[in-house]
Every structure is written in structure tokens, then in C-alpha cells.
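Here is the structure we will look at.
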Amino acid sequence: MARNSTTKTGLESRTREKIFSSPVALAFVRTVVALRGISETEARQIYLDYINRSPRSADHRGRRVMT
């Protein structure tokens, strides 16, 4: 029986753990949570978008993307 799953793979989970073990990443997340009043999950996604320079993510938040 095949399973459709949207969970992260082990590699993706370990990568995120490594990224967010950084004191800088944690400080960024805590600051964004406090200043914007958003969830930690949303703040973590903003951080990941920033370090990945994802234009799709910036567009999703309503920012204009220069092309």
C-alpha cells in the first residue's frame, strides 16, 4: 500500500535542525516573533526564505519581486 505523506524527510529535518541550532538564527526568529507578533513557525519560514533568497516567498508576502 502506498502512502502519500507531506512530512519532511530525515535529511530535511536534520538540515533544519542544523540551521536553527545557530544562535543567530534563533535570535532572528525570536526577534521576528516579538516584533511582528507571528508564530515561531512563520518566523522560521521567513528566515529560511531569507537565507535561500526565495523570490516566491517574498512575492507570497506581498512584496514586489524585481525581475
Side-chain angles (χ1 to χ4, degrees):
M1 176 164 85
R3 277 184 17 183
N4 290 334
S5 178
T6 59
T7 59
K8 302 287 181 211
T9 65
L11 180 60
E12 289 171 328
S13 294
R14 285 189 302 271
T15 301
R16 284 184 180 235
E17 286 176 21
K18 184 176 179 179
I19 290 169
F20 291 108
S21 66
S22 160
V24 172
L26 293 176
F28 178 93
V29 169
R30 289 182 187 131
T31 301
V32 170
V33 167
L35 293 176
R36 292 191 181 182
I38 61 175
S39 71
E40 183 176 335
T41 302
E42 290 172 313
R44 285 176 177 246
Q45 188 59 53
I46 290 170
Y47 184 79
L48 291 173
D49 293 345
Y50 174 74
I51 63 172
N52 291 323
R53 303 275 198 252
S54 175
R56 178 188 58 84
S57 300
D59 196 33
H60 172 71
R61 289 190 301 269
R63 294 187 186 148
R64 185 173 174 199
V65 177
M66 303 299 275
T67 54

**Message:** For Y50, is there any backbone N or O sitting under 3.5 Å from a side-chain donor or acceptor partner on R53?
**Reply:** yes
**Asked** Quick one: are L48 and R16 in side-chain contact, heavy atoms under 4.5 Å?
**Response** yes
**Asked** Can you name the closest pair of heavy atoms from V32 and A43 and give their distance?
**Response** CG1-CB, 3.9 Å
**Request:** May I ask you to test the F20-V29 pair for a side-chain heavy-atom distance under 4.5 Å?
**Result:** yes
**Asked** Which distance, rounded to the nearest 0.5 Å, do you find between the CG of L26 and the OG1 of T31?
**Response** 10.5 Å
**Asked** Is there side-chain contact between D49 and R44, with at least one heavy-atom pair below 4.5 Å?
**Response** no
**Request:** Tell me, please, whether F28 has R30 positioned over its six-membered ring: NZ or CZ under 6.0 Å from the ring centre and within 45 degrees of its axis?
**Result:** no
